[in-house]
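These notes concern the structure reproduced below.
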Amino acid sequence: MDCLFCKIINGEIPSKKVFESEDVFAFCDIAPQSPVHILVVPKVHIESVDAIDEDNSRYVSKIFEAIPKIAQDAGLKSGYRVISNCGDDACQSVKHLHFHILGGTKLSEKMG
Ligand code: AMP
């Protein structure tokens, strides 16, 4: 499968890894939109939020169990934002489920 994030997970494409477990991988975004900008992905290929179902939702649980640890390690003591773009209207550019962790500064109130 020709998936950028699958290639990052298996080491074919280098990344700045910040967290790894059996099911979850997290790395720094290559074009950060805030001082801290981390992407958290399941190691299994799930296309987007729209493809989450009862067979794969445990990977999403694992991601959300990891996020507080990743945020703490990144020094995000006063908060952070978690975003997942899903589909064309949300400008999802990589079709492998991922959650952006944004922080390290006071973020805009606007999200849309
Ligand atoms: P999205 O637009 O929500 O699909 O987010 C995809 C994100 O992947 C963007 O924020 C990109 O900057 C990021 N990205 C693309 N290629 C790489 C890469 N090789 N390493 C790290 N992040 C990447």
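Note that ligands are numbered from 1 as they come in the structure, with each ligand's atoms numbered from 1 the same way. Computed from a prediction, not measured in an experiment: that's the story for all the values here.
The protein non-hydrogen atom at the shortest distance from atom 1 (P) of ligand 1 is H98 NE2, 3.1 Å. Closest to atom 16 (N) of ligand 1, if we only count protein heavy atoms, is L4 CD2, 3.3 Å. Atom 7 (C) of ligand 1 has its closest protein heavy atom at D29 OD2, 3.5 Å. For atom 22 (N) of ligand 1, the nearest non-hydrogen atom of the protein is I30 N, 3.1 Å. Of the protein's heavy atoms, S93 N, 2.7 Å lies nearest to atom 4 (O) of ligand 1.
Ring pair F5/F27 is perpendicular by interplanar angle, where above 60° counts as perpendicular and below 30° as parallel.
Residue-ligand proximity: I83 is placed with every non-hydrogen atom at 4.0 Å or more from ligand 1. Ligand 1 is approached by H100 to a heavy-atom distance shorter than 4.0 Å.
One finds no salt bridge joining R58 and D23 here, because no Lys/Arg side-chain nitrogen approaches an Asp/Glu carboxylate oxygen to under 4.0 Å. Between E20 and K43, at least one side-chain nitrogen of the basic residue sits less than 4.0 Å from a carboxylate oxygen of the acidic one, meeting the salt-bridge criterion.
At under 3.5 Å, a nitrogen or oxygen of N85, whether backbone or side chain, sits near a nitrogen or oxygen of ligand 1. Looking at V94 next to ligand 1, an N or O pair under 3.5 Å apart turns up.
A centroid separation of 6.0 Å or more is found between the aromatic rings of H96 and H98.
With values rounded to the nearest 0.5 angstrom, I30 atom CD1 is found 7.5 Å from I8 atom CD1. From S21, atom OG reaches atom NZ of K69 across 7.5 Å, with rounding to the nearest 0.5 Å.
Counting heavy-atom neighbours within 6.0 Å of N10 CG, excluding the residue itself, gives a total above 12. Within a 6.0 Å radius of CG in D89, other residues, nucleotides and ligands contribute 12 heavy atoms or fewer.
Neither the backbone nor the side chain of A90 comes within contact range of ligand 1; no heavy atom lies under 4.0 Å. At a heavy-atom distance under 4.0 Å, no atom of S84 approaches ligand 1.
Distances from atom 8 (O) of ligand 1 to the heavy atoms of F99, F5, F27 show the closest one on F5.
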